[in-house]
Number of protein chains: 2
Amino acid sequence: MSKRPNKSSSNRLSSSPPDELNHIPLLKILSSADRRRVLQDLTEQRYTKRDVIFREGDPTEYFHIVKEGTVKCVKSTPEGKECTLKMLMPGDLFCCDAATFEGACHPGTAQPMGDVSILRMNKKSYFEMLRRNPEAAIEVIKHLGNRLKEAQEKAKVLALDRADQRLASLLVDLATKNGVKDPQGIKLPMRLTRQDMANMVGTTTETTIRIMSRFKRDRLVSGTATRLIIRDLAALKALASA
Amino acid sequence: MSKRPNKSSSNRLSSSPPDELNHIPLLKILSSADRRRVLQDLTEQRYTKRDVIFREGDPTEYFHIVKEGTVKCVKSTPEGKECTLKMLMPGDLFCCDAATFEGACHPGTAQPMGDVSILRMNKKSYFEMLRRNPEAAIEVIKHLGNRLKEAQEKAKVLALDRADQRLASLLVDLATKNGVKDPQGIKLPMRLTRQDMANMVGTTTETTIRIMSRFKRDRLVSGTATRLIIRDLAALKALASA
DNA sequence: AAAAAAATATGACGTGCGTCATGTTTTGAG
DNA sequence: CTCAAAACATGACGCACGTCATATTTTTTT
């Protein structure tokens with residue numbers, strides 16, 4: 001269970017081509033002077049599937065941005081049950097809340113879904129940046145607002161919907177936010193097992209497999225973990241809000 | 001079902017005694033010059049139980065602060081099922097996320113639990129304040145970070161725990177955050193029916209009544225809606241994380 | 001104080017989904 | 001290519017919890 005925190009690499013960014021980071025909203029809005037300064041404070045970390053970026057309960061030291069790959073944010077119980085709170089995609093910020101302040105701990109564990117690249121900055125530099133740059137602070141507020149809205153929507157779904165509806169909601173969400181076009185329908189870009197899905201919608205692996213089998217029979221989806229395809233988005237949407 | 005949006009009153013604050021608002025963290029950190037300016041832009045609104053502060057889907061126009069009383073934030077399904085996302089207490093901010101920006105809509109309905117007093121400011125003034133005052137922006141980030149953490153913890157509980165554990169978690173939360181000391185134990189300061197609790201933990205009223213009856217038999221709680229008392233916090237804590 | 005409306009209480013019954021068990025297929029490492 | 005480990009699949013069974021029905025108590029309104 002416990003793996004050593006095995007950072008594959010850690011690079012300075014100051015020498016990177018400046019355009020490489022243009023897809024990250026937070027960096028885009030900085031003045032070019034301030035941007036250069038921020039790039040000095042950011043470092044790039046690379047992780048692979050078996051690493052852990054940080055663990056639930058660890059002290060918070062950095063502010064993070066996903067540069068490449070997918071990161072999952074999970075909470076677990078002493079008995080070993082797991083709950084996946086959020087999949088973080090390129091451009092997403094995490095630990096951007098200032099609960100990250102003095103002596104705070106991570107409320108969840110951050111784990112790569114494959115090879116990922118993360119940009120990070122220590123708390124001190126991060127808050128200095130926010131103080132210098134109110135637009136950046138507002139950008140972070142916007143981001144947190146969206147995250148909160150998502151988390152609340154998720155709570156509603158967990159509280160009120162059946163397992164098949166929750167799963168349908170999940171697939172709709174992933175397809176619309178991260179899906180890429182495919183001759184068969186919409187392909188999900190990350191490896192996603194039924195177990196992963198189960199953890200995201202609060203059910204067991206078996207139940208998820210049964211429901212996915214039904215969806216497959218009804219031509220709503222096809223494929224498995226390595227190549228999951230949404231074939232009838234409309235039908236899934238209808239089921240999600242039935 | 002549909003009540004007229006019946007604001008009992010709406011007052012300017014500029015003439016209020018300045019100490020009256022000292023319990024609100026966001027206002028406390030402003031410079032006294034900026035504080036005076038902000039007070040010009042804030043107005044006080046009063047509502048009663050049968051009012052609605054805003055409805056899910058309404059356009060977002062204001063930033064809000066709870067001054068007195070309790071506000072519940074709910075989402076509902078077309079079939080009439082309800083899910084209470086959060087109880088807002090004095091000092092809490094709401095609609096502080098900038099998703100509140102252009103043309104956005106409220107993701108939930110805000111409803112008073114009794115007589116409440118709300119301070120509000122229009123979006124424009126609010127964002128101007130944040131731009132002028134990075135410390136205020138950081139305070140909002142902190143607040144949103146806490147809200148997000150809470151929402152994620154709630155999602156975890158909904159996903160993994162049984163109904164009695166969810167209810168125990170809720171009671172522990174309310175008792176520790178809002179409870180007031182009482183000869184019998186800890187009294188909850190707001191009127192709270194079993195129906196309200198059911199909506200907060202994602203079960204039915206009947207199930208909540210059954211579980212609360214058991215809690216009462218086992219001397220963990222006593223009283224009903226108007227005077228609910230937590231008598232054995234430790235036991236509830238133990239159950240919540242069993 | 002009386003009447004109306006909520007809230008609390010309890011039973012009967014059905015079912016969605018968790019649990020355990022066992023087998024097949026797919027994936028990835030060497 | 002081979003083999004072990006994951007992932008997928010399917011059945012049997014039980015229980016937690018939703019649903020519906022009906023009664024009593026508490027709270028609110030007039």
Side-chain angles (χ1 to χ4, degrees), chain A residues 1 48-50 77 79-84 111 113-115 157-168 170 188 190-218 221-229 239 242, chain B residues 1 3 48-50 77 79-84 111-115 157-168 170 188 190-218 221-229 239 242:
Chain A
M1 270 292 167
T48 65
K49 199 165 49 165
R50 30 178 49 77
T77 65
E79 307 90 63
K81 291 195 169 193
E82 264 195 13
C83 161
T84 300
Q111 231 175 349
M113 296 288 290
D115 290 359
V157 168
L158 283 169
L160 300 177
D161 294 351
R162 284 195 318 271
D164 57 345
Q165 299 176 302
R166 300 201 298 267
L167 194 49
L170 174 69
L188 299 187
M190 76 289 267
R191 186 174 192 283
L192 202 66
T193 67
R194 318 272 137 139
Q195 164 121 263
D196 292 326
M197 297 183 231
N199 289 340
M200 286 193 258
V201 300
T203 29
T204 58
T205 308
E206 293 93 327
T207 294
T208 300
I209 288 176
R210 274 182 247 269
I211 294 170
M212 285 297 284
S213 299
R214 202 175 80 212
F215 285 176
K216 201 178 231 171
R217 238 198 351 269
D218 299 346
V221 302
S222 67
T224 59
T226 46
R227 184 184 170 74
L228 187 55
I229 292 175
L239 176 57
Chain B
M1 271 290 166
K3 299 262 160 58
T48 65
K49 199 165 51 166
R50 28 178 49 77
T77 65
E79 307 90 62
K81 290 194 171 196
E82 265 195 12
C83 161
T84 300
Q111 231 175 349
M113 295 288 289
D115 289 0
V157 168
L158 283 169
L160 301 176
D161 293 350
R162 284 195 318 272
D164 58 346
Q165 299 176 301
R166 301 202 297 269
L167 194 51
L170 173 70
L188 299 187
M190 76 289 266
R191 188 175 191 282
L192 201 67
T193 67
R194 318 272 137 134
Q195 165 121 262
D196 292 327
M197 298 184 229
N199 289 340
M200 286 192 258
V201 300
T203 31
T204 58
T205 307
E206 293 92 328
T207 295
T208 301
I209 287 175
R210 274 183 246 269
I211 294 171
M212 286 296 285
S213 298
R214 202 175 79 213
F215 286 176
K216 201 178 229 171
R217 233 194 0 263
D218 300 345
V221 302
S222 66
T224 60
T226 45
R227 184 186 170 73
L228 187 55
I229 292 174
L239 176 58

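In the text below, chain A, chain B and the rest are named by the order of the sequence lines, each starting its count at 1.
For A/Ser213, the side-chain contact (heavy atoms from CB on, under 4.5 Å) partners are A/Ile209, not counting sequence neighbours. By the side-chain contact (heavy atoms from CB on, under 4.5 Å) test, A/Lys49 pairs with no residue at all, sequence neighbours left out. Residues forming a side-chain hydrogen bond (donor to acceptor under 3.5 Å, both in side chains) with A/Thr224 (at least two apart in sequence, or on another chain): none. The side-chain contact (heavy atoms from CB on, under 4.5 Å) test applied to B/Asp161 returns B/Val157, B/Gln165, B/Arg166, not counting sequence neighbours. Looking at residues two or more places apart in sequence or on another chain, you find no salt bridge (charged side-chain N to carboxylate O under 4.0 Å, His left out) involving A/Arg191. For B/Gln195, the side-chain hydrogen bond (donor to acceptor under 3.5 Å, both in side chains) criterion is met by B/Thr205, not counting sequence neighbours. The side-chain hydrogen bond (donor to acceptor under 3.5 Å, both in side chains) test applied to B/Thr208 returns B/Thr203, not counting sequence neighbours. In terms of the salt bridge (charged side-chain N to carboxylate O under 4.0 Å, His left out) criterion, residue partners of A/Asp164 (sequence neighbours excluded) are, by chain and number, A/Arg162, A/Arg214.
Listed by first then second residue, pairs satisfying salt bridge (Lys or Arg N to Asp or Glu O under 4.0 Å) with a partner in residues 194-203 of chain A read A/Lys72-A/Asp196, not counting sequence neighbours.
Nearest-nucleotide positions on DNA chain C place B/Thr193 closer to the 5' end than the other of B/Thr193 and A/Gly202.
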What's touching nucleotides 26-30 of chain C from the protein side, N or O pairs under 3.5 Å?
from: C/dT27; atom 1: OP1; to: A/Thr226; atom 2: OG1; distance (Å): 2.7
from: C/dG28; atom 1: OP1; to: A/Arg191; atom 2: NE; distance (Å): 3.3

Check nucleotides 13-17 of chain D against the protein and report each pair of N or O atoms closer than 3.5 Å, with its distance, or say if there are none.
from: D/dC17; atom 1: OP1; to: B/Ala163; atom 2: N; distance (Å): 2.7

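The CE atom of B/Met113 sits 14 Å away from the C1' atom of C/dA6 (whole-angstrom rounding). Taking atom CZ on A/Arg217 and atom C1' on D/dT10, their separation rounds to 12 Å, with Å as the unit. Between the CG atom of A/Leu167 and the P atom of D/dC8 there is a distance of 12 Å, rounded to whole Å. In this structure, A/Leu160 places its CG atom 11 Å from P of D/dT19, rounding to the nearest Å. As rounded to whole Å, 14 Å separates atom C1' of D/dA5 from atom CD of A/Gln195. Here the C1' atom of nucleotide C/dG18 and the CD atom of B/Gln165 are 14 Å apart, to the nearest Å. Put simply, CD1 on A/Ile209 is 7 Å from C1' on D/dA7, counting in whole angstrom units.
Rounded to the nearest 0.5 Å, atoms CG (A/Leu192) and CG (A/Leu170) are 7.0 Å apart. Atom CZ of B/Arg210 is separated from atom CG of B/Leu167 by 13.5 Å, given to the nearest 0.5 angstrom. The distance from the CG atom of A/Leu160 to the CD atom of B/Glu82 is 9.5 Å, given to the nearest 0.5 Å.
The shortest distance between the side-chain N/O atoms of B/Ser213 and the OP1/OP2 oxygens of C/dT8 is not below 4.0 Å. Contact check, A/Lys81 against C/dG18: no side-chain N or O comes under 4.0 Å of OP1 or OP2. Between D/dC8 and A/Lys216, no contact under 4.0 Å exists linking OP1 or OP2 to a side-chain N or O.
In this structure, the helix from C/dA1-D/dT30 to C/dG30-D/dC1 shows an angle of 70° between the axis at its start and the axis at its end, each fitted on 5 base pairs and rounded to 10°.
For A/Glu206, whose side chain is taken as the heavy atoms from C-beta onward, the closest listed nucleotide among C/dA7, C/dT19, D/dA7 is C/dT19.
The base of D/dG11 lies close enough to the side chain of A/Arg210 for a donor and an acceptor atom to sit less than 3.5 Å apart.
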